Amino acid sequence: MPPALILINPWITDFAAYDLWSKPLGLLAIAGLLRSRGYAVHLIDCLDVHHPGMQADGRSVPPVRRAYGTGKFWRTEIPRPAPLGRFRRPYSRYGIAPELFAEALAAVPDPSAVLITSLMTYWYPGVQEAVSLVRRVHPRVPVILGGIYAQLCREHAVRYSGADLVAGGRDPEAISQTLEAVGAPSSPPAPNDFPPHPAFDLLRDPEYVCVATSTGCPYCCRYCASSFLQPVFRQRSPEAVLEEILHWRDTLDIRDVAFYDDALLVNAQGHARPLLKGLSSRASDLRFHAPNALHLREVTAETARLLHQAGFRTIRLGLETTDFAFRRRLDQKVREGEFERAVEHFRLAGYRRAEIGVYVMMGLPGQSLDSVKRTLEAVRRAGAVPHLAEYSPIPHTDLWPEAVAGSDLDLSEPLLQNNTLLPCWDEEKRARASALRALAREIRRTEACETGRR
Ligand code: B12
Ligand code: SF4
């Protein structure tokens, strides 16, 4: 009998959560790897929207699903944790019922170890609840926690997650060593040199898959943790990425693919360009989405045309702000004029205004409401639609000390790093932010109606 491992994607706990192509790509990559090394891998996805047991659960709000596999999760309102007490709005656990989770745990009789992933730092209550249920069902089995919260808030996770080991390593060898460290039986390495595909086949009825064609990002924006999490920028071969996408189309019959790259278009000549050409010729039945921002500077007439030809339906551009005096101390990724030029390329490539989504950051330390408003208007004028990205202060980023100093909240508590709270704005600005949210919505609505009329 091969040694059994349980891999867990825990619940989200938040004021709001939306499935914008959210899959535990890191955990699935580890699942693929461990499976290729001979382990029997059992995945429990707490965010499973298709769990048959949930139909009978009268306590949760069923998820409305939308275009291209996006939509809501199952949701159950829960009490706000104490540090969020003063924020008077509903707080929920997103995902399957804890009883179904416990049943799935019990169905694996003798696991060697349990591996749990984590994403946003402020979602750690979902991790804690998963660990405590594992303890109840499998009291003597070692629990290993990894992922983004585990890396960004390591000390917090060591103290409060309840896991036996908080792992920082990302590469295959580190994961094998981690398993050995908790006494799980080790297996021989995989028979070939190619890393296996992330195990999307372990998910129930996936409507889409996610792909990362690279790790890291060559830019070093002061508000972003990319260079801490993935210090080396590496791109995979376009052929390997194409092969992975075709594999999932042919085996899982998926139609939508979301790219998780931080820097998809960097070095387009040797990377995105051949990939997009391959997708156009061999995957013309698929739709592609770039929910993580594309770099404006890298958008040329040719890349915009290739993205359109390949079938990219969701485009998000990382503008953040058009207030260049303010941005000078934050990042170097956009220069004046590059945004308008990129939008023009997308328009000429065939995208309608409503299809060109632009991220605008709100809530940065020292950022004024007026600066955000002017950026939203600039997006409208350029012929695109804005999506507000509220700033989440993140440990280990360059901006972190300034964020901590400028916040009226204790940011060492990860729950207060939640972007919804606008942690680095004061009460007055928080109260007036709803007008900016309304403006962004109004611009999107107007452009959608315009598009409908044309
Ligand atoms: C893709 C992505 C998204 C996607 C969706 C991701 C998802 N799964 O839901 C989209 C675009 C929707 C998104 C949205 C947002 N995101 Co985001 N996102 C990312 C990104 C680029 C990659 C995450 C990822 O999946 N990586 C791929 C896998 C391969 O890596 P991984 O999960 O880390 O796994 C590896 C290791 O960690 C480890 N590992 C993982 N699990 C385990 C378990 C064990 C046991 C072990 C041993 C190891 C291990 O091994 C894996 C393989 O190497 C990261 C930045 C980054 N470079 O990591 C930001 C990041 C996570 N996002 C961030 C933010 C701020 C946001 C937003 C709030 C932005 C905004 N203001 O609107 C929203 C919020 C979304 C929400 N409320 O749902 C922040 C985190 C903030 C925080 N406080 O935690 C990050 C770090 C970016 C940043 N600004 O620095 N995001
Ligand atoms: S360009 Fe994007 S991914 Fe790269 S460092 Fe800046 S914010 Fe992070």
Side-chain angles (χ1 to χ4, degrees), residues 5 7-9 12 14-31 33-34 47 70 73 94 113-124 143-153 163 165-172 174-179 182 195 198 210-212 214-230 233 258-263 266 289-298 314 316 318 320 330-334 359 361-363 387-398 411 414 417-420 423:
L5 298 172
L7 271 63
I8 297 173
N9 183 32
I12 292 174
D14 207 332
F15 300 104
Y18 190 76
D19 179 3
L20 191 68
W21 300 288
S22 298
K23 290 285 180 250
L25 183 59
L27 190 72
L28 296 175
I30 293 174
L33 181 88
L34 294 171
L47 298 181
T70 65
F73 298 106
Y94 294 85
V114 174
L115 284 76
I116 305 186
T117 194
S118 60
L119 194 62
M120 301 298 152
T121 54
Y122 43 87
W123 291 349
Y124 76 81
V143 178
I144 309 168
L145 173 67
I148 289 175
Y149 155 68
Q151 288 170 83
L152 292 176
C153 297
L165 202 148
V166 177
R170 305 178 72 92
D171 61 88
I175 287 158
S176 293
Q177 284 162 12
T178 308
L179 282 170
V182 296
C210 308
V211 173
S214 59
T215 51
C217 174
Y219 295 86
C220 286
C221 305
R222 293 187 63 220
Y223 43 78
C224 176
S226 181
S227 58
F228 172 78
L229 292 167
Q230 301 172 335
F233 176 55
F259 285 80
Y260 268 15
D261 295 69
D262 275 331
V266 168
H289 310 280
N292 214 17
L294 299 173
H295 286 113
L296 287 163
R297 182 168 303 167
E298 314 291 342
T314 308
R316 291 281 194 276
E320 325 303 0
L330 294 172
D331 69 42
Q332 312 290 321
K333 69 181 178 186
V334 186
Y359 283 129
M361 277 185 100
M362 170 163 93
H387 293 265
L388 282 171
E390 286 123 341
Y391 169 62
S392 164
I394 310 174
H396 302 287
T397 57
D398 237 29
L411 298 185
Q417 296 161 15
N418 191 325
N419 64 331
T420 307

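Given the structure is predicted, the values throughout are model-derived calculations rather than measurements. Remember, it's 1-based here, ligands and their atoms both numbered in the order they're listed.
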[X], portion touching ligand 1 at heavy-atom distance under 4.0 Å:
| X | value |
| --- | --- |
| T121 | both |
| D261 | neither |
| Q230 | side chain |

Report, in ascending order of atom number, the atoms of ligand 1 lying under 4.0 Å from any heavy atom of [X].
| X | result |
| --- | --- |
| A167 | 47 (C) |
| N419 | 68 (C), 70 (C), 71 (N), 72 (O) |
| C224 | 88 (C), 90 (O) |

Would you please determine whether [X] falls within less than 4.0 Å of ligand 1 on a heavy-atom basis?
| X | answer |
| --- | --- |
| Q151 | yes |
| A29 | no |
| T178 | no |

Would you check whether [X] has a nitrogen or oxygen atom less than 3.5 angstrom from a nitrogen or oxygen atom of ligand 1?
| X | answer |
| --- | --- |
| Y391 | no |
| S392 | yes |
| E390 | yes |
| W123 | no |
| Q417 | no |

Give the residue and atom name of whichever protein heavy atom lies nearest to [atom], and the separation in Å to one decimal.
| atom | value |
| --- | --- |
| atom 5 (S) of ligand 2 | Y219 O, 3.3 Å |
| atom 6 (Fe) of ligand 2 | C221 SG, 2.3 Å |
| atom 1 (S) of ligand 2 | H295 NE2, 2.9 Å |
| atom 2 (Fe) of ligand 2 | K333 NZ, 3.8 Å |
| atom 4 (Fe) of ligand 2 | C217 SG, 2.2 Å |

Enumerated ligand 2 atoms positioned under 4.0 Å from heavy atoms of Y223: 7 (S)
query: If you count the atoms of ligand 2 from 1 in the order shown, which ones are under 4.0 Å from a heavy atom of D262?
result: 3 (S)
- prompt: At what distance, to the nearest 0.5 angstrom, does OG of S118 lie from CG of N9?
  reply: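 With rounding to 0.5 Å, OG (S118) is 10.0 Å from CG (N9).
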field: side chain to side chain contact (heavy atoms under 4.5 Å, CB included) partner of Y223, the single match among I394, T397, D398, L330
entry: L330
- prompt: Going by heavy atoms in the side chains, are L115 and T178 under 4.5 Å from each other?
  reply: no
query: Between Y149 and Y124, how do the two ring planes meet: parallel, tilted or perpendicular, split at 30° and 60°?
result: parallel
message: Using 2.8 Å as the threshold, say whether any N, O or S atom from C224 sits that close to atom 8 (Fe) of ligand 2.
response: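 Yes, C224 qualifies, because one of its backbone or side-chain N, O or S atoms lies under 2.8 Å.
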